Amino acid sequence: MRTLTYGSGRGLSGLLVVLALVAALGLPGNSKAQSPFALVNIGADVRQSDARIAGRGGWGLAESDSLNPSFHNLAGLAGLKSTVILYSGFGDLSRSQTPEAERTTSTVRAPNLRIAMPVTKWMALSGGFRALRGTQYKSVAAYLDTLGDGSVTDQFLNEVNIEEIFVREGTQFEVPLGVSIKASSWLKVAASVNLVRGVIRGHLTRVYFPVDSPEEYLPTVEMLEDDLSGTSTTFSMIIQPFPRLSLGATLTPSHNWDIVRTRTMSNVADRSEVPFRVSIPSIWAVGGALDLGGRWRVGGDFEAQDYSKFSGIYWADTMVNSWRVSAGVERRENWKRRGGLTNLPLRFGYTVSRWPYMINNETLEEKWITLGTGVPFRRNSGHMDVALSYGVIGDMDKHGIEDRVWRFSVSMVGLEKWW
Amino acid sequence: MPVDFMRILKFSGRYGPLPVVLALTILIGCTSDTLGPVGTSLPIDMELNPVLTDLIVEIQEYGGLVVTDDENSFEASEVLYLGGGPDQASSIVARYDFSTLIDTFATFTDGSGDSIEISVGWIESVTLRLFLLNAYEDPATTSEKVEKHYRVYELSDTLVASEYPRSDEPIFDPSPLAFSDEVTNAVWIELPKSNLVDWTLNGQTGIIIRDEDSVSDKLIGYASKELDHFLEIELEDENTLVGPTITVSFAAELDHLPMTFQPIIDTSTLHGIPDSFADAADGLLLRTHSRRYPYFSFNVDFPDSARMINRAVLRVAIDTLTSFGPLTEIVLATIPTTLVSGRDSLTIQEIEASAVVITGNTSIDVKLPNTAVGDPPEISPWLGFDITAVIQRQANGLLADEPLSFLLSSGEDFFTGYSASWDPDFYMTVMNLFGTGHPDFQPYLEITYTEFSGGGK
């Protein structure tokens with residue numbers, strides 16, 4: 001049997017090359033698009049831990065496995081024996097529908113690049129990059145209008161076909177710098193300082209196509225850019241009161257983002273720059289995992305963030321308490337000789353969440369069913385996981401738009417004793 | 001143990017490539033539909049203001065400039081204009097020096113070997129010749145243009161070139177020296193031999209060639225002695241002397257070839273052609289050959305709020321009944337108002353140093369308005385100049401310290417990309433543009449803009 005040879009000092013750098021290749025694939029230019037619901041407010045949640053977590057529905061707060069580490073809860077990294085690097089990403093194929101139109105879009109995101117290393121047997125440090133929220137969508141509206149204010153002679157008014165194109169794109173991300181400590185055989189704790197940055201840009205372009213006239217009008221283009229920065233802290237813990245049961249929790253207290261909102265207009269030597277501060281409500285989450293015996297286990301997470309306490313910009317007018325519930329089952333991988341497909345890990349789960357803002361005065365829900373598996377590298381030196389998910393976002397009757405999304409998630413984890 | 005990362009893609013034996021193939025298929029194979037209306041119903045953070053159009057008709061600064069050339073005086077013009085119409089009148093004036101004829105006659109002897117002096121008897125003929133420019137021989141208009149009634153008079157006072165062009169003709173002896181009604185491109189007019197003898201012995205004040213009672217009112221161009229563009233006329237050979245030449249033929253017994261004299265001075269009076277209007281209400285004149293360029297600025301009041309100029313057009317209407325020449329050689333430039341304000345004249349060199357071309361012959365937009373508004377478009381067509389960029393600069397406040405005026409000119413050499421086929425001092429073009437006092441066709445700015453939505457969260 002041919003096997004992957006992975007485990008030398010060159011291994012980690014080689015893995016980075018592969019990750020860079022995957023990252024490059026994750027930037028497919030103009031095919032990028034997301035849910036149209038991301039066109040408004042604070043954007044869509046694009047957090048993803050890894051494909052293993054995604055495959056079983058998104059739960060993993062109670063996860064702590066030094067051979068199969070996860071960054072879903074940093075407390076789980078305590079007791080780490082190897083340096084670990086994680087890269088995860090996903091590709092979406094979305095079908096967005098309105099009563100009048102529909103559009104298929106695809107996007108690729110690489111929201112998570114993390115690294116952790118053990119310092120002592122009971123302490124590990126971690127860092128990396130994680131995307132929090134993102135927005136990436138374009139829309140175009142076409143209509144017929146007349147240029148002019150009515151005060152001029154009719155002969156000077158031009159009837160024009162107008163296309164109004166709106167593009168919103170950008171990512172809010174954080175750089176979490178964490179320390180994880182194994183306090184006892186049943187208690188692990190962690191804390192991280194998260195440096196939050198991000199830019200979201202909006203371009204609204206109006207293009208004019210005069211009817212029956214050779215006149216040419218420059219398109220009107222306005223740009224809006226929100227440049228945000230902030231700092232948050234996250235506290236987390238995992239306890240294992242019983243051998244087969246573990247529980248986890250995280251808390252990110254409320255914090256502020258400083259935003260500089262800049263508006264510019266093409267050709268205009270003027271700009272408006274308005275600094276303001278938004279208050280991000282605290283995020284708390286709890287989860288549990290129960291070993292069912294054999295290779296099977298079951299788990300679930302619940303996360304909530306009361307965005308009704310959000311303040312600082314008019315987005316708050318439509319914000320509500322957001323939450324996410326995820327649950328799923330996992331059959332862990334096996335190393336049985338000639339075990340074939342039965343050695344593969346198998347995961348499935350279900351996630352339902354509510355977005356932090358309303359559309360059409362209606363809360364916006366998102367539901368996913370997921371299925372996942374993975375392949376371990378030789379000698380437990382890492383693994384690659386994949387997950388296939390199908391989700392529905394919004395409701396045609398309530399929101400006027402409904403998304404149906406196929407998502408393929410991929411993550412790679414490498415373990416390396418670098419010292 | 002060495003690392004073989006190509007095997008990463010194969011993973012553990014038999015399970016190998018399936019997940020990767022699936023992943024790459026999804027990552028690479030998917031594309032997005034083209035933009036559509038999905039999402040347009042959502043309340044986005046941005047909203048563009050409506051597009052508005054302002055018409056500005058109030059002129060702030062105006063002047064009709066006499067444009068001269070420090071390096072090329074009017075006297076050195078290559079073309080002389082002749083015409084006797086009520087709206088387009090010009091005569092040709094020239095002065096000759098025949099003193100060399102005395103020396104020539106000093107070489108002649110009669111049959112007895114005695115020297116002879118110049119006299120009518122030894123002169124066979126004295127012929128004034130004009131070279132019509134080919135441009136005025138257009139087959140469609142030949143019969144109208146070349147049917148001139150030439151009359152030649154002797155000037156009362158000595159011709160001084162620097163006095164031209166002028167608003168009246170110089171004083172001349174009312175008895176014509178000669179006349180001709182030639183209809184060919186080469187005009188031959190016989191002059192009295194006695195006058196030649198007199199001019200040779202006593203010097204000449206000059207002659208004036210007038211067009212009297214012609215069928216055509218149009219100005220017609222002829223070669224001056226300075227003509228370098230020989231392809232514009234029909235030359236017999238490369239040695240042909242051009243200009244309003246006088247050829248003296250001698251009596252046969254003198255056995256001497258005819259002598260041709262170019263004038264020492266030749267110029268056009270341009271005494272009856274349109275000149276710049278003192279008031280913008282009466283019109284704007286753009287003229288070449290002897291340049292008249294109008295400048296003007298509009299009273300545009302830009303508010304403090306920023307705005308994007310989607311389109312700005314300067315529109316002027318041309319009076320086609322009194323204008324002539326190619327429209328496509330009009331050039332619009334900006335010039336500092338401080339340079340031209342209060343001045344009557346400007347040099348080409350000053351224009352070259354200060355003017356910035358905006359647009360011209362390649363982008364003139366002939367807009368024909370709704371015929372219900374005024375005269376039919378074939379009588380008064382509108383010309384449009386796209387001035388979006390300069391109006392945007394003005395809207396941006398960049399010109400607050402240096403206000404600019406518009407300068408309508410011809411395609412000078414230094415207007416890169418808009419240089420006319422001929423230097424503007426060669427042919428005469430007259431563009432009469434309706435003034436601000438015209439009820440229907442006054443010049444105006446048409447500015448279409450979008451207000452910047454500005455600040456706020």
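Proteins come first, then strands; the chains are lettered A, B, ... in the order of their sequence lines, and each starts at number 1. Bear in mind that the values here come from a model prediction, so they are computed numbers and not experimental data.
- For A/Ile162, no part sits under 4.5 Å from any heavy atom of chain B, backbone or side chain.
- Of the possible polar contacts, one joining the A/Glu222 side chain to the B/Ser453 backbone as a donor-acceptor pair under 3.5 Å is found.
- Closest approach of A/Leu39 to B/Gly39, counting heavy atoms only: CD1-O, 3.8 Å.
- No more than 12 heavy atoms of other residues, nucleotides or ligands lie within 6.0 Å of CD in A/Glu216, so this atom counts as exposed by the packing criterion.
- In this structure, chain A has a heavy atom under 4.5 Å from the side chain of B/Ser41, while its backbone stays farther away.
- Heavy-atom distances place the side chain of A/Ile359, and not its backbone, under 4.5 Å from chain B.
- With chain A as the partner, the residue from B/Arg307, B/Glu47, B/Gln392 showing the most heavy-atom pairs under 4.5 Å is B/Gln392.
- Heavy atoms closer than 4.5 Å to chain B are found in the backbone of A/Thr264, but not in its side chain.
- Among A/Thr220, A/Asp226, A/Asp270, the residue making the largest number of heavy-atom pairs under 4.5 Å with chain B is A/Thr220.
- Looking at A/His203, only its backbone comes within 4.5 Å of chain B, counting heavy atoms on both sides.
- In terms of heavy atoms, B/Val38 sits closest to A/Ser139 at O-CB, 3.4 Å.
- Considering every non-hydrogen atom in both B/Met46 and A/Arg263, the closest pair reads CG-NH1, 4.4 Å.
- Counting heavy-atom neighbours within 6.0 Å of A/Asp317 CG, excluding the residue itself, gives a total above 12.
- Rounding to the nearest 0.5 Å places OH of A/Tyr137 at 13.0 Å from CD1 of B/Ile44.
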Output, in order, the C-alpha distance, side-chain angles, deciding distance and verdict of side chain to side chain contact (heavy atoms under 4.5 Å, CB included) for A/Arg206 and B/Val51. CA-CA 10 Å; A/Arg206 190 192 284 147; B/Val51 181; 3.2 Å; yes

Trace of the side chain to side chain contact (heavy atoms under 4.5 Å, CB included) decision for B/Ile309 with A/Asn267: CA-CA 8 Å; B/Ile309 308 301; A/Asn267 294 337; over 6 Å; no

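- A/Glu102 touches chain B through its backbone: at least one of N, CA, C or O sits under 4.5 Å from a heavy atom, while the side chain does not.
- Among A/Val160, A/Val40, A/Val268, the residue making the largest number of heavy-atom pairs under 4.5 Å with chain B is A/Val268.
- Atom CZ of A/Phe37 and atom CG of B/Leu42 lie 7.0 Å apart (nearest 0.5 Å).
- Closest non-hydrogen pair, A/Arg271 versus B/Phe452, comes out as CA-CE2, 4.1 Å.
- Atom CG of B/Asp45 is separated from atom CZ of A/Arg168 by 5.0 Å, given to the nearest 0.5 angstrom.
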